[in-house]
There are 2 protein chains.
Amino acid sequence: MEKYIKILENCPLFEGIDDDSLSRMLVCLGAKIKTYGKKAMIMSEGMASGEVGIMLSGRAQITQTDYYGNRNIFSKVGPYEVFNEAFACAQTKSLPVSIVADEPCCVMFIDCDHILHTCSNNCGFHQQLIYNLMKDLAMKTIRFHEKIEATSKRTTREKLLAYLNICAKKQGNTFSIPFDRQELADYLEVDRSGLSAEISKLRKEGVLTCRKNQFSLL
Amino acid sequence: MEKYIKILENCPLFEGIDDDSLSRMLVCLGAKIKTYGKKAMIMSEGMASGEVGIMLSGRAQITQTDYYGNRNIFSKVGPYEVFNEAFACAQTKSLPVSIVADEPCCVMFIDCDHILHTCSNNCGFHQQLIYNLMKDLAMKTIRFHEKIEATSKRTTREKLLAYLNICAKKQGNTFSIPFDRQELADYLEVDRSGLSAEISKLRKEGVLTCRKNQFSLL
DNA sequence: CCGTTTTCGTTGAAAATTCAACATAAAATA
DNA sequence: TATTTTATGTTGAATTTTCAACGAAAACGG
């Protein structure tokens with residue numbers, strides 16, 4: 001477990017907790033590590049899990065697929081980020097989404113109850129951990145607000161521009177997005193070919209330039 | 001403040017806290033009460049607020065309006081429910097939504113920092129309060145998942161059916177929704193007239209019956 | 001109780017999306 | 001490196017949505 005401490009230092013969930021405390025805390029919390037290959041299911045729709053996942057390395061997507069085969073990407077999970085925290089906290093019986101590895105992933109799991117209820121061992125930094133989880137949950141809500149802000153627009157063009165503007169607000173006018181074209185279409189809830197056409201049009205109009213997943217707003 | 005205790009007993013945010021403790025806690029937290037008339041702005045887009053709102057009576061909507069005049073309803077806030085908790089927790093500088101009273105509202109405000117950081121007076125139930133706020137934030141995330149699940153569908157018909165199925169899962173096959181037609185359209189992010197047409201069609205097909213905001217799935 | 005305002009359902013035309021199919025470019029793999 | 005697979009861009013037809021306009025019904029207010 002020790003070798004993961006360096007990684008966890010970068011994780012907002014453990015912010016403000018020193019290495020020694022973290023090391024002891026992980027034992028107390030019963031943290032487990034699992035690894036997954038590309039395209040592996042980390043969690044799947046319909047299951048129940050009270051565990052919070054922490055992405056140590058790799059990247060995964062939170063998706064939902066309806067019976068017509070339309071895939072909706074709720075979000076991406078990158079290194080140091082947390083997932084399943086809301087469903088674990090709310091003790092959801094049936095997970096409404098699947099979590100699929102985009103690439104080989106290393107994930108730490110912690111039972112949410114162990115985070116929420118301070119243990120008898122009296123870990124000093126437990127309050128900090130709870131506070132961090134709270135912030136994380138708040139940020140998750142804001143992320144969804146952003147997705148809804150983009151997808152609520154009525155045309156593909158407006159959805160795309162709304163999304164790119166949100167990215168630009170965070171990263172500056174040149175930025176990379178965590179999606180390829182199909183994934184961006186699934187995130188924005190539009191047709192891929194229509195999205196490609198719209199990107200071309202915006203390029204010709206001189207609104208943006210792009211190379212793969214690297215965009216610049218002009 | 002005392003007269004609000006009976007109301008707050010029903011509020012999940014204060015679950016597990018007895019009346020006496022709650023009464024003392026409210027003073028300690030610096031709770032304030034404000035009232036609003038119909039259509040009044042409780043909070044407006046662009047402002048910053050570190051306060052959590054608790055709806056004591058009345059109902060409000062969380063909305064966003066883009067520069068083409070399209071209104072998007074993120075959610076409704078009814079009695080005993082909490083709002084602005086995510087933005088307050090995350091210390092957002094500029095609120096991306098407005099909160100508008102549907103009808104006369106009575107709201108309690110509490111500074112989020114006072115909830116997050118236990119005070120020197122050592123209120124016994126403060127941990128419970130933090131725990132409750134965490135659950136609330138988790139539920140908020142799940143509510144957004146539900147909205148996205150419905151709005152991610154590609155046709156008005158599918159969006160409507162997805163939404164009604166989510167309602168039915170919670171309340172049974174006959175239920176009322178908190179929206180009128182225009183509001184439902186704004187929540188589902190579709191055109192009102194198209195939504196009305198779709199409801200008529202479903203009625204003729206014998207899929208559902210409805211009277212105003214009361215629906216039955218058959 | 002009546003007049004006014006708001007909500008709701010209906011319609012047809014214009015605009016946009018989706019869908020299917022294909023060509024090309026890029027990436028992965030043997 | 002050659003081959004295969006995947007990703008991307010392009011197009012036109014079919015479907016769906018949006019928009020504007022209208023009448024009827026319901027809710028509201030005096």
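None of these values were measured; they are calculated from a predicted model. Just so it is clear, the values below take in all heavy atoms, side chains as well, and ignore hydrogens, waters and symmetry mates. Just so we're on the same page: letters track the sequence lines, and every chain starts at 1.
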Next on the checklist: Set out, in order, the CA-CA distance, both residues' side-chain angles and the distance that settles ring-ring contact (aromatic ring centres under 6.0 Å, His included) for Y163(B) and Y187(B), then state yes or no.
Outcome noted: CA-CA 10 Å; Y163(B) 172 71; Y187(B) 178 81; 5.4 Å; yes
Rounded to the Å, how far apart are [X] [atom1] and [N] [atom2]?
X       : N       : atom1 : atom2 : result
N70(A)  : dT15(D) : CG    : P     : 17 Å
L188(B) : dT16(D) : CG    : C1'   : 16 Å
D191(A) : dT15(D) : CG    : P     : 16 Å
K201(A) : dT11(D) : NZ    : P     : 11 Å
R192(A) : dG9(D)  : CZ    : P     : 8 Å
R211(A) : dT8(D)  : CZ    : P     : 13 Å
L161(B) : dT16(D) : CG    : P     : 14 Å
D186(A) : dA7(D)  : CG    : P     : 12 Å

Next on the checklist: Using modelled atom types and a 3.5 Å cut-off, is there a donor and acceptor pairing between side-chain atoms of N213(A) and backbone atoms of I177(A)?
Outcome noted: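 Yes.
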Checklist entry - Under 3.5 Å, side chain of S44(A) to main-chain N/O of M41(A), donor-acceptor pair present? => result no
Next on the checklist: On a heavy-atom basis, which atom in Y36(A) and which in A40(A) lie closest, and how many Å separate them?
Outcome noted: CB-CB, 3.9 Å
Checklist entry - Between R154(B) and dT16(D), does any side-chain N or O lie under 4.0 Å from OP1 or OP2? => result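 No, outside the criterion.
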Next on the checklist: I want to check one thing: is the phosphate of dG9(D), taken as OP1 and OP2, less than 4.0 Å away from some side-chain N or O of R203(A)?
Outcome noted: yes
Across the strands shown, which category fits [X] at heavy-atom distances under 4.0 angstrom: base, sugar-phosphate, nothing?
X       : value
S200(A) : sugar-phosphate
S193(B) : base
T155(A) : sugar-phosphate

Checklist entry - How do E189(A) and D180(B) order along DNA chain C: which one's closest nucleotide is nearer the 5' end? => result D180(B)
Checklist outcome for this item: Of K212(A) and G194(A), the one whose nearest nucleotide on DNA chain C sits closer to the 5' end is G194(A)
Item to check | Under-4.0 Å salt bridge between E189(A) and K159(A) | outcome: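 Salt bridge absent between E189(A) and K159(A).
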Checklist entry - Are any of the side-chain nitrogens in D180(A) or K212(A) under 4.0 Å away from the carboxylate oxygens of its partner? => result no
Checklist entry - Along DNA chain C, 5' to 3', what are the outermost nucleotides having an atom less than 4.0 Å from a heavy atom of chain B? => result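 In short, chain B contacts DNA chain C from dC8(C) to dT18(C).
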Item to check | Pair Q64(B), N72(B): side-chain N/O donor-acceptor within cut-off below 3.5 Å | outcome: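 Side chains of Q64(B) and N72(B): no pair found under 3.5 Å.
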Checklist entry - Nearest nucleotide by nearest heavy atom, which residue falls closer to the 5' end of DNA chain D, E198(B) or S196(A)? => result S196(A)
